[in-house]
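Below, chains carry the letters A, B, ... as their sequence lines are ordered, and counting in each starts from 1.
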Number of protein chains: 2
Amino acid sequence: MEKAKQKRLEARGWRVGSAGTFLKLSPEEVALVEMKVNLSQALRARREARGLSQLTLAKRLRSSQSRVAKMEAADRTVSIDLLVRGLVILGAKPRDIARALGRETGAAA
Amino acid sequence: MEKAKQKRLEARGWRVGSAGTFLKLSPEEVALVEMKVNLSQALRARREARGLSQLTLAKRLRSSQSRVAKMEAADRTVSIDLLVRGLVILGAKPRDIARALGRETGAAA
DNA sequence: ATACTTTATGTCATTACTGACATAACATCA
DNA sequence: TGATGTTATGTCAGTAATGACATAAAGTAT
């Protein structure tokens, strides 16, 4: 798993190990979290590539800046659905979302 | 869009056209629905490939048979999160889910 | 036909997610 | 310095998703 990603997860209370599960997360949960993180990173990348602020994106999503911040932080309270909606609004096609979702992000097995 | 898929959608109240949007669904909404349908089909395929009943899958998901049925029907009340969780429980890896999500399903467009 | 298994659909109480708000932290710029 | 713009985090009322239940429908036997 990528270092930066791991740090972001741990800062949020997740327990993720460097080369697998560190503690307490089942393999299923790890997979879920990784997908969410991948989507959140894709969201931020797309937003920034378009030079949009979180606030502008929030308006297009009919949401709020704070929620967009949480989306990009892969907050526990953010659903995959919301992340996907955000990506779609930023012009991502299902293929793009699939690519982001399945992205291999780390060296660890 | 695949005929069977369209039929399933319309039976559920969705309005989807054969070669694009039929009526009332924005392109974003269409993309979302298509992704959900793709995931629901992948879920059913995986479950059946393993010879499991909806009831057994439901137990592994700590859910109910009726909800699994709704998942496979891409019911409005089921989230992408739930579909993804179901797939993961059936052994799907992020790559597998990505493949299912981005599958081109129809001739249209 | 009856019994059994599996799947489909409607309803509802509980839970999880969501948008909105407040506020903090950080940067940039005059 | 203060003002402005952006992002981060906590909280909470309202909403949407969830599991569970009942029941129907469809299939598979015997």
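The side-chain hydrogen bond (donor to acceptor under 3.5 Å, both in side chains) test with A/Gln54 singles out one residue from A/Arg67, A/Lys59, A/Gln65, and that residue is A/Gln65.
An angle of 40°, rounded to 10°, separates the two end axes of the helix from C/dA1-D/dT30 to C/dA30-D/dT1, each defined over five pairs.
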* Structure fact -> Scoring nucleotides 11-21 of chain C by protein non-hydrogen atoms under 4.0 Å (B base, S sugar-phosphate only, - none) yields B-----SBBBB

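Using a 4.0 Å cutoff on non-hydrogen atoms, no part of residues 47-60 of chain B comes near DNA chain D.
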Sort me out a list of protein N/O and nucleotides 28-30 of chain C N/O pairs below 3.5 Å, or just none if empty.
none

For nucleotides 23-27 of chain D, tabulate all protein N/O to nucleotide N/O atom pairs closer than 3.5 Å, reporting atom names and distance.
none

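The nearest pair of heavy atoms linking B/Leu52 to B/Thr56 is CB-OG1, 3.6 Å. The nearest pair of heavy atoms linking B/Ala42 to B/Ala100 is CB-CB, 3.6 Å.
Atom P of nucleotide C/dT6 and atom CD of B/Glu72 are separated by 14 Å, given to the nearest angstrom.
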Going by atom type alone, with no hydrogens or angles, which donor-acceptor pairs under 3.5 Å involve a side-chain atom of residues 81-95 of chain B and a protein atom two or more places apart or on another chain?
| residue | atom | partner | partner atom | Å |
| --- | --- | --- | --- | --- |
| B/Asp81 | OD1 | A/Ile80 | N | 3.0 |
| B/Asp81 | OD1 | A/Asp81 | N | 3.2 |
| B/Asp81 | OD2 | A/Ile80 | N | 2.9 |

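Checking side-chain atoms of B/Glu29 against main-chain N and O of B/Ser26 turns up a donor-acceptor pair under 3.5 Å. A distance-only check finds a donor-acceptor pair linking the side chain of B/Asn38 to the backbone of B/Leu101 [under 3.5 Å]. When atom types are taken as modelled, the side chain of A/Lys36 and the backbone of A/Val78 share a donor-acceptor pair closer than 3.5 angstrom.
Listed by first and then second residue, the salt bridge (charged side-chain N to carboxylate O under 4.0 Å, His left out) pairs that reach into residues 46-56 of chain B are B/Arg46-B/Asp96, B/Arg47-B/Glu72, sequence neighbours excluded.
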* **Verdict with reasoning, B/Leu57 to B/Leu43, per side chain to side chain contact (heavy atoms under 4.5 Å, CB included)** => CA-CA 10 Å; B/Leu57 171 56; B/Leu43 183 73; 4.3 Å; yes

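In this structure, the side chains of A/Met71 and A/Leu61 come closer than 4.5 Å at one or more pairs of heavy atoms.
Here A/Ser66 pairs with A/Ser64 under the side chain to side chain contact (heavy atoms under 4.5 Å, CB included) rule; sequence neighbours left out.
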